Amino acid sequence: FRAPIGGVMFVLEEAISFFDAKLIFRAYFVCAVSYYALQIMFEGHYLRTNSFAVFDLNTTCEVGYNAEDLLMFVVLGILGGIFGSLWNWMIIKLASFRKRVVRAGWQRFVDAIIVCFITSLFVAFTPINYPCTPVDELVSHLPSEELTSARTFQGNATVFINDFYCLDDRAWRFFRYYDNSKPESAADFLETQVLETSNCPTGQYNELASLFQTTGHYAVTLLFSSGMYNMFRAPSLVIFGIVYFFLSIIASTLSVPAGMVVPSLTIGGCMGRLLAKFYNYAIKTPLGYPNVDPGPWAMVGAAAFWCGSARITVTIAIIILEITGDFRFVPPIAVAVMFAKLTGQFFTDGVYHMIIHLKGISFMEDLPAKAMDNKFVRDVMTVPVVSVNEKPLAGEVRKILLDNSHNGFPVIRVTDRARLCGLVLRKHLVEVLTEDDSAVVDVARIMNETPITVLPEFTMAQAFRMFRTMGLRHLPVVTIDHEVVGILTRKNFMIHEHSYLPHPMPSEGGDSRDAELEMHAMGNFHTQLIDEPPMEMLP
């Protein structure tokens, strides 16, 4: 999306459990490099000022909004939270169904072919027999006397019609091309606007075909277009929005790369543009006030729906501004995003978190689940614990490493009792391991001598806060005499998370093959993908 700052914010707000300044710099560096590499590949050595904007919106129009319009932006945010949560719920239900039923490779292939066929049917046949729209409807919102004077305008800049109406570059080209006596001029204009005629007479276009029979990029661009209030009528937006809503749910859970961002922007754009038209019809026009431009409202609606689904606020606001280049509606976007998040939290979690936990990835949330307040560490900890003596033989260490895939081992000192004296990482044991199995390995010089520990009587919520706040991978459980009785890792904290999942997490005692596979997947992610903190961060 050519939004490097938004990419960094997405990592910080959604994708990591803990971070530091070094990680922020690395994320920003790679985002900036990838952005400029992409720009140079497509734009050459000369980068235009508007090359940052994926959806190239004309921002020369300065028609703003009134203070009372903020109430409607609140409504837009609430609607984004409600429909975004419904979208999440349906995606997870369908994803869990496909996880249980569509398992073999050929089944996934057939599933994708069927969805492609169904989607093609809707795209091809939904616009058929839909009424065509005359091209002059694009600016029918303008006062007739001003329309005449604007048609004679011969300049090359934006046409400003009093303080309330403005024609951006796209709308101005209408007056340059269109003439009632020359239908072919209207056809030229439609071609420049990527509006589909779909067997319509000359000088007319099909609204549904313009939205369905194009790429997601151009569909969003058309929805965001300002200056042409009646480009899409309310029935067109309702039909397209409903069909696209369900098709995006079906496609996003396929076993193929199918993103969720463009569908979120498209559905939200329909919602915002539709609310703006309702606002004009029910309130603005009867009271004699100038109508609002549905284009910027579509942009705000896209941010609201995306936040209602993903629950990332700052990231979405920054990305929307970066990909559109339109900073006039920063306050409305902030208001809509805030209320979308507050509303959505009443129903479901963010869609990315829901999918992460559905796949069994051991991801730590910001706060412990409510169920953790009533569970104790002794009920959840992993037992028995694989530990290492303070001065073991190399053969003993080799056997432990071969028999286990754990990444950390408590170190015990055997006197009258086996007491905890440290914690050693797997990679450090590998570094000091010798070929001679009878040699003594001095674990004391490579271990962390002051590991953070908890008592079995701690609640899981207390242990969760310690684990996440300090960036731990292993949390030994000891008695008051420092005897090791268990250990906690990320997997242990997943037991009581996310009750919306359609099947229990494997730690809850499920004996199905799905549970075994999911536990194995969780273990693999724990041992391979979870970055361990640097040594200086270890307690």
Side-chain angles (χ1 to χ4, degrees), residues 1 3 5-19 27 73-96 245 248-249 252-253 258-269 271-272 299-323 330-372 464 468 493-494 496-502:
F1 287 96
I5 299 176
V8 176
M9 289 304 303
F10 179 81
V11 171
L12 299 182
E13 195 171 0
E14 179 71 11
I16 60 176
S17 296
F18 62 94
F19 60 91
F73 291 126
V74 171
V75 174
L76 189 55
I78 294 174
L79 292 176
I82 294 174
F83 288 110
S85 298
L86 177 62
W87 199 60
N88 293 356
W89 181 81
M90 297 184 71
I91 283 178
I92 291 301
K93 288 295 183 181
L94 185 56
S96 62
F245 183 90
S248 64
I249 292 171
S252 62
T253 55
M260 297 182 179
V261 177
V262 171
S264 298
L265 297 178
T266 306
I267 298 170
M271 182 181 67
M299 181 176 63
V300 178
F305 184 88
W306 189 8
C307 182
S309 171
R311 309 294 153 71
I312 44 180
T313 53
V314 179
T315 298
I316 289 177
I318 292 176
I319 290 179
I320 290 293
L321 295 176
E322 283 189 285
I323 66 178
V330 173
I333 289 177
V335 170
V337 163
M338 178 176 62
F339 279 90
K341 180 178 177 64
L342 293 175
T343 304
Q345 285 178 335
F346 282 102
F347 302 104
T348 65
D349 283 341
V351 65
Y352 300 124
H353 279 201
M354 296 173 75
I355 292 177
I356 283 174
H357 289 281
L358 179 65
K359 290 181 175 292
I361 301 174
S362 303
F363 182 82
M364 300 288 291
E365 298 289 352
D366 296 334
L367 298 172
K370 293 181 179 179
M372 291 186 181
F464 180 95
R468 191 184 190 283
F493 293 102
M494 299 300 108
H496 302 291
E497 290 278 4
H498 302 276
S499 58
Y500 56 78
L501 293 178

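It should be emphasised that the depicted structure is a prediction, and the values quoted were computed from it without experimental measurement.
Distance CG/L76 to CZ/F339: 12.0 Å, rounded to 0.5 Å. Distance CD1/I319 to CD1/I333: 12.0 Å, rounded to 0.5 Å. Of the inter-residue distances, the one linking K93 atom NZ with T253 atom OG1 reads 14.0 Å to the nearest 0.5 angstrom. One finds the OG atom of S309 at 11.5 Å from the CG atom of D349 (value rounded to the nearest 0.5 Å). Between atom CD1 of residue I92 and atom NE2 of residue H353 there is a gap of 12.0 Å, rounded to the nearest 0.5 Å.
Classified by interplanar angle (parallel below 30°, tilted 30° to 60°, perpendicular above 60°), the ring pair F245/F305 is perpendicular.
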Steps toward side chain to side chain contact (heavy atoms under 4.5 Å, CB included) verdict (R311, N88): CA-CA 11 Å; R311 309 294 153 71; N88 293 356; 3.8 Å; yes

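A donor-acceptor contact shorter than 3.5 Å is absent between the side chain of T343 and the backbone of A340.
The two residues G81 and S85 make their nearest non-hydrogen contact at O-OG, 2.8 Å. Here the closest heavy-atom approach between residue A304 and residue A336 is recorded as CB-CB, 4.1 Å. Residues V300 and P332 approach most closely at CG1-O, 3.8 Å, considering heavy atoms. Closest heavy-atom contact between I82 and F347: CG1-CE1, 4.3 Å.
The only option from T315, L342, V314, T313 that meets the side chain to side chain contact (heavy atoms under 4.5 Å, CB included) definition with V337 turns out to be T313.
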Validation: residues 259-267 side-chain donor-acceptor distances under 3.5 Å, sequence neighbours left out:
unit_1	atom_1	unit_2	atom_2	d
S264	OG	M260	O	2.6
T266	OG1	V262	O	2.8

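Inter-residue side-chain proximity for W87 and S248 is flagged as met; some heavy-atom pair is nearer than 4.5 Å.
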